[in-house]
Amino acid sequence: MKKLLVTGFEPFGGEKINPSWEAVIRLPEKIGGWELKPLLLPVSFQRVLPAVLETVEVLRPDAVLSVGQAGGREGLTPERIGINLDDARIPDNDGFCPVDCPIEAEGPAACFSTLPVKDMAAAIEKAGIPSRVSNTAGTYVCNHLLYGLLHYAAHTRPSMGCGFLHVPWLPEQTKDKPGAFSLRLEEMVKGLEAAISVL
Ligand code: PCA
């Protein structure tokens with residue numbers, strides 16, 4: 001079986017829960033030809049890449065799918081692109097708040113996901129969960145992770161596919177946000193399963 005490293009994030013920005021990790025830990029151990037290995041990552045610009053790359057070096061997965069929360073998104077959104085920029089609106093969980101900083105001084109301006117983002121979005125929609133391809137993963141820790149993984153893979157492990165998928169808020173996170181979109185955890189899990197089934 002092929003190995004898929006699936007990562008989720010700890011809570012950040014004053015939230016008590018991060019739907020990305022809640023969904024990742026509820027995925028089955030196997031989907032199609034993939035054996036899944038879940039990993040919790042810190043919401044830290046400085047620690048997130050060392051943490052994921054340490055596991056990548058030991059596990060040697062065939063692909064990495066990272067998942068993060070994007071409050072306000074109206075579905076599950078595979079990310080098409082990571083950009084070479086950190087620009088935090090709020091400090092990360094270490095209190096670090098980089099503004100307009102390149103991630104890799106000598107790196108390209110952007111890297112495209114090497115997972116099939118359109119197939120993933122179509123599979124999620126087919127499972128009855130709203131989805132669309134997103135053209136920006138933002139400029140916070142999720143984009144930092146996506147760009148960093150793609151840059152590492154391009155130089156060190158070109159056969160390893162890397163990609164990112166943002167999930168919206170859970171209903172319990174939108175109680176104080178009238179009109180905000182949310183998705184139930186079971187639906188997020190179902191959508192992630194559908195996306196993984198087409199990798
Ligand atoms: N979302 C943040 C970082 C961690 C998470 O779950 C982001 O979109 O950058």
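The figures here come from the full heavy-atom set of this structure, side chains too, leaving out hydrogens, waters and symmetry mates. Model, not experiment: these values are computed from the prediction. Whatever order the structure lists ligands and atoms in, that order sets their numbers, starting from 1.
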Whether over 12 other heavy atoms sit under 6.0 Å from E57 CD
yes
So if I count the atoms of ligand 1 from 1 in the order they appear, which ones are less than 4.0 Å from some heavy atom of Q69?
1 (N), 2 (C), 5 (C), 6 (O), 8 (O)
Please could you name the atoms of ligand 1 that G68 approaches to less than 4.0 Å, counting only its heavy atoms?
6 (O)
Could you tell me whether a side-chain N or O of D94 sits under 3.5 Å from a main-chain N or O of S44, the two making a donor and an acceptor?
no
Report the nearest protein non-hydrogen atom to atom 9 (O) of ligand 1: residue, atom name, distance rounded to 0.1 Å.
C142 N, 2.9 Å
Give the atoms of ligand 1, by number and element, whose distance to some non-hydrogen atom of V43 is under 4.0 Å.
4 (C)
Where does Y140 meet ligand 1, judged by heavy-atom distances below 4.0 Å: at the side chain, the backbone, both, or neither?
both
Please name all residues satisfying salt bridge (charged side-chain N to carboxylate O under 4.0 Å, His left out) with E35, sequence neighbours left out, ordered by chain then number.
K37
Okay, side chain of N18, backbone of E10: is any donor-acceptor separation there less than 3.5 Å?
yes
List the steps and the verdict of salt bridge (Lys or Arg N to Asp or Glu O under 4.0 Å) for R26 and E22.
CA-CA 7 Å; R26 284 169 178 81; E22 297 304 317; 3.0 Å; yes
Quick check on H166 - does any of its heavy atoms sit under 4.0 Å from an atom of ligand 1?
yes
Under 4.0 Å from one or more heavy atoms of N18, ligand 1 contributes atoms 5 (C), 6 (O)
Around K177, counting heavy atoms of other residues, nucleotides and ligands shown, do more than 12 lie under 6.0 Å from its NZ?
yes
